[in-house]
Asker: 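Provided herewith is a single structure, encoded as structure tokens, for subsequent inquiry.
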Amino acid sequence: MITNAILILLLPLFAFVVQIFIGKRLPRQGDWLPTGAIICSFLLALPIFFDALSNYEAGHVVVQQSWEWLRFGNLEITFGIYVDNLTSIMLIVVTLISSLVHIYSIGYMQGDERYSRYFAYLCLFSFAMLGLVLVDNFFGIYCFWELVGLGSYLLIGFWFEKKSASDASKKAFITNRVGDVGMFAGIMIIFSTLGVFGFTDVFTKIADGGLSGTMLTVTGILIFFGAIGKSAQFPLHVWLPDAMEGPTPVSALIHAATMVAAGVYMVGRTFVIYTEDALLFIAIIGTITAFMAATIAIVQKDIKRVLAYSTISQLGYMMVGLGTGGYTAGLFHLTTHAFFKALLFLGSGSVIHAVHSQDMDDMGGLRKKMPITFWTFLIGTLALSGVPPFSGFWSKDAILASALEFGMNHSAYMWIFVAMLLSAGITAFYMFRLIFMTFTGQAKDQKKFDHAHESPFTMTLPLVVLAVLSVGTIWWGWIEHLLAKPELATYATVAVGAVEHSAEHGNAHLAHTIALFSSIAVAGSGILLAAVVYHWKKISAEAWGSKLKPVYNLLWNKYYFDEMYEATVIRATLWKSRIFAAFDVKIIDGFVNGIATVTSKFASLQGAIDRVGVDGMVNGVARVVGVFSNRLRTIQTGKIQTYILMALFAVLILFVLQQF
Amino acid sequence: MLAVGLNHYLILSAILFCLGLFSVVTKKNAVTVLMGVELILNAANINFIAFAKYVDNDLDGQMIALFVIVTAAAAAAVALAIVLNIYQRLKSINLDEADSLAG
Amino acid sequence: MALSDIIRDNINSLNYFLPELLLTGLVLLMIIADLLLKKERSPWMSIIALIGSGVVLFAIINQYELGSRSIFNNMLAVDEFSIFFKLLFLATTILVIFLSIASVELSGRSVGEYFTLLMILTLGLFLMASATHMITIFIAIELVSIISFALVTYLKTRRRSSEAGLKYAIYGAFSSGLMLYGISILYGLTGTLNIYEIGEVLAGRDTNSLALLISVLLIMAGFGYKIASVPFHFWSPDVYEGAPTPITAFLSIGPKAAGFAVIIRFFNVALSNYDGVAEQWLALSNINWPQIIAVIAAATMTLGNLVAIAQDNVKRLLAYSSIAHAGYALLGVVVLSSQGVYATLFYLVVYYFMNLGAFFVVIIFQDIIGSEKIDDFKGLASRAPIPAIAMGVFLFSLTGLPPTAGFIGKFYLFAALIKAGPEFYWLAIVGLLNSVVALYYYARILKAMFFDKISEGVSPEPLKISPYYVTLLAVLGIPTILVGLYWAPLANLASHSVHFLPTF
Amino acid sequence: MNITLFDTIFYLLAFLTLGSAAIMVFSKNVIYSAVGLLFTFFGVAGIYVLLAADFVAVVQVLVYVGGILILLLFGVMLSNKITNIEITTETLHFLPASLVVIGIFVVLYRVFITTDWNPVGSYNFDPTTHEIGTLLMTDYLIPFEIASILLLGALIGAAYIARKD
């Protein structure tokens, strides 16, 4: 098993190295090599997964091995591989979707001038993602975390000739980095207080009371910052919709199934370190994200952007699941969502490939032209909308139940459930809006419509596979026995007193029942409303849009988040930097000029000294005036003496500061 | 107070030091600025020699003063060569005119 | 000590002084060779310099076997700490010689003086790293400064170079004056110039903290000038921009690292007591100098990073980034633990690779397209992929992203800082925030190179990059990544080098 | 308290030093400044003698007056047209400079006055030349040698920069 795990990781790396250097010279530009490597990784992951599945116990560890990597002062850093049930699920998800995306890309990217480079990047990304999943410590997860960021940066900006693409990649990178800094700080706190990096070691030490109380809450929230960035949670969600500028298969891989899920995975992996307060924080962030993104998705016209906002929204769901204590539910949704969202993205890619446009106003009636795409897409939509018996229904239902149960236990937070329920309805609405605008009705752009055709085999095959999986992962039982909510207490080596199990099972059953029916109800009404508006056209969307102009504008402008960031963060940074650049120029000048008037008396005094002094006899009085006007005029930047003066001033300031 | 002791030398040196600083910061002419630097170095040397006599009672302070004089000569030579070079470029040795590198 | 003993000690010391002696011999040899050859652009001078450096390298490595010793009556120390720095300096010199051979900027100038001065400068750096007496510290710093003035002005017919030299000379003379005044006050307080004795006297007696404070601040003006830390950094952007680029690259590493060597040795030996059990120094009770350095470090990285954002000249941008990195490296000095010193040493080596690399890419592009402006870097990735990718690696490393060496370096620094306790948490936060800001301007260069379209009117033809350049890029780029993945050997070297006299 | 001859000489020298330094600093004519500096150097040399540093005083006169000052004057001459009568220098940011420098003076004054310097205070007026010569060849051998390299390097550098080619 350990060999499997290592090979899973190394195969893509090997393929990447070969591909980046000599890929262009290989037959078919080397596309078979990364594809083959990742498929091999998938095949190698299967035994691990079945081992986990057949072992029938939660908390089962398939592989755990670590090696001393280096010494760090007087303690050693180990670097190892840790595969438990959660990892085995993630391995399957990542390798499977990555394989399908590779295959799909062979068709989609055909003829691109950097075809071989594309596969190299894709492979690099897969490697990073697999490393992130397999690694057994915080240090390693951070390294791979950044590597994933790098991979996505390269892929989003792949068509860098488009300015929007290169801007988007930069935005994604920087936004992610903001979150990463928090995560880095959190890891630093863990390392400096506990002195270890390994997950198990850290959990053990925390369970033994090495870190607790507010400090632990803060640490948890800081680490969660990383997930806020990577999983596009409020308020760092702004990068994901822009990231749709990348090639569509990339969107499917990165922005549906893997990278954005990394944040959720990380929270799941480190679940036990979150205190109740930290979990509440996670849940609230998740709720805001889920609701806000869902409402924005209603008004989008770009097919990929609808899916992007829906992804953000669903990620919010997962966070709510985790935050309200529905550990299994959150991670279950991660799995099901990975499949059906990848399906939706690849399906939209197929549509875009056919009509050469991302704007839904250019589509319509495509059902007959592209039957495979339509039917698979429909399955994905039903899953996402939460229609039974498709997979999304079960996982979303579980999250709603968990939120409701949380609300029942803490009535102040009932609004989380309500917001989630509303979002579920909205989700169904905008997804069917998408279906109606794209696949049914009349073609809006006849020329594009005539040109449209079903996609090649390499592209439809992944669609079918994913559609099967979207139906097939419906059985909730398997995941329930694989993933049980971990308890911190199990890691304790010393007794810390009885742990109170506050779970009130009386509510659990009731919550499930209520959630089940209410979620079906809202999904149904969402779909119905979409049909009324966009299929039968009983209600005019435009009329309502103009009636609710302010709301529409708010949504259309995505709650003005980009503008807000532009206005505050980015501009403030630039502004600050300009101030500092001007520091050399302005401060001393201002200092001088500002008090110039006040000091003209001093000036004349100085003039008097000059007159009676030695040089006063040489130079006339008239000169003194010139000296002063000159002096006031010419103090400018780049002058070495201004620098010296400021250095002296700083010494004085430091001296005075130290006095107090 | 009038009888000369260590403090008198130190205050003498402090005044010389400040005059040197003032000259370095305010004079436009590069040569005058270098003169100001020499004042600063002289002020430090007075300190060294005074401390050598009153505190250390040894020659350490005098030795460093000697080395300071030597390095001052070397620095002055190179600095003046640079000043002459600037004069050939700008036809001026006013420091405030050498400000094309800025920001 | 009897006179004969002192003389015997001097003679015995020669054995430990071999690298410096060889370097001096090399300098003399080069002066003679220059007179004999006297042919413009003769490659012989650089070859002699390289062979000589190779010999010196062996002599330095040989010093490890001789063991630690204080030589020339406590004027200099030969210990792992100084050997580490000597190796770093020699590596810098060798690489700068290679860069200078390639540089178009320097062609047409007589090379004899250039390489001779470069070797004298290296000697000065060696002495800075091992000086243990205020006289040797002062005179070594002066040696480095004065020679650097000349080298910065080397393109004497170019206005930028002349102006940079002038500013550097004026500022250098001024700051050494301040430092000297500080030393004189310290001498008055302790009655000695030997840093070991200064440490003993200060530890044994309750000195006036006010006097000690002003003296330390003034001395820090001299040291801070060498490492270009705020508020003594003002000269550096102007000088870096104006100097010939190989010299800029040299200045941003050699004297800077030497400044760190002096700072660490001076502050840890003269102004702290060592606690062997905790592997930690304790600052003297009557002066809280770590606090001062912490403030300086925070200001240095913040200012460097913020101002860098507004730059549009890559060389100047790298100058500000180099200021910021001095701030990061100071984090290891603040905490006063051997782990901190070790982190700083590690960081300096990492910085050596990534910074020299970045400057080298600038040299390449400057030679080919004749510009250092970010705007002129647009679309270079498609015209010259190898330097562009190398630049990507160096900039990622400077940003501190894994899996590059820069990340590991920063990691050690922050780990040491946080381990030192809550007193410096604020500094860690400042540092972390800075690393976000840093990303922004490094990404600007990358964006220009990789994502922007080639400006109109510029031919999109691929640029010819000679194999010589590619080799040098590989020499700098591969370690930048390799150290990021497996840094144990370097970490061992760094931790081994924390030992300085008096040994503990 | 009696004012001895020794003290009188000190005050005279101090007045000479500071007075001529002030002329150097506040004069607008560079030549005047140079003359002021000349007398400052002499004054400082006298102070050295008072402090029992006869050798240093001689070196001060030789190197500063005979070397550095001449160099500076060359600098003045070469960087101005001799026919131009107004060899002047103007001043920059006078006021902030005054404030900062006065601040520094106040700090230094306070420090010097309040510090207990632990003076041992035995006066010896033995000529120091012999002892300094010995020290230069023994204890201070290495700085002495570095200084020679320093001068060599400065020579090469200065010659390169100043020569026309």
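Letters go in sequence order (proteins before strands), and every chain restarts at 1. The model shown is predicted, which means the values in this text are computed figures rather than measured ones.
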Asker: Taking salt bridge (Lys or Arg N to Asp or Glu O under 4.0 Å) as the definition, give me every residue that meets it alongside C:K447, ordered by chain and number, with sequence neighbours left out.
Answerer: A:D167, C:D452
Asker: Heavy-atom pairs under 4.5 Å with chain A: which of C:F414, C:Y425, C:Y441 has the most?
Answerer: C:F414
Asker: What orientation do A:F191 and C:F411 show, parallel under 30°, tilted 30 to 60°, or perpendicular over 60°?
Answerer: tilted
Asker: Output side-chain donor-acceptor pairs under 3.5 Å for residues 137-144 of chain A, partner residues at least two apart or in another chain, one line each.
Answerer:
unit_1, atom_1, unit_2, atom_2, d
A:N137, OD1, A:F139, N, 3.1
A:N137, OD1, A:G140, N, 2.4
A:N137, ND2, A:T78, O, 3.1
A:Y142, OH, A:E146, OE2, 2.9
A:Y142, OH, A:R177, NH1, 3.4

Asker: Under 4.5 Å, counting heavy-atom pairs only, tell me which of C:I292, C:I429, C:I170 racks up the most with chain A.
Answerer: C:I292
Asker: If you count heavy-atom pairs under 4.5 Å with chain A, which of C:L433, C:L210, C:V295 comes out on top?
Answerer: C:L210
Asker: Counting only non-hydrogen atoms closer than 4.5 Å, does A:I187 touch chain C with its backbone (N, CA, C, O), its side chain (CB onward), both, or neither?
Answerer: neither
Asker: To the nearest 0.5 Å, tell me how far A:I190 CD1 sits from C:I418 CD1.
Answerer: 11.0 Å
Asker: For the residue pair C:F234 and A:A647, what are the closest heavy atoms and their distance?
Answerer: CE1-N, 4.1 Å
Asker: Report yes if some heavy atom in the side chain of C:F174 is under 4.5 Å from a heavy atom in the side chain of A:L648; otherwise report no.
Answerer: yes
Asker: Evaluate the side-chain proximity of C:F232 to A:V651: yes if any heavy-atom separation is below 4.5 Å, no if none is.
Answerer: yes
Asker: If I compare all heavy atoms of A:I640 with all of C:K167, which pair ends up nearest, and what's the gap?
Answerer: CD1-O, 3.4 Å
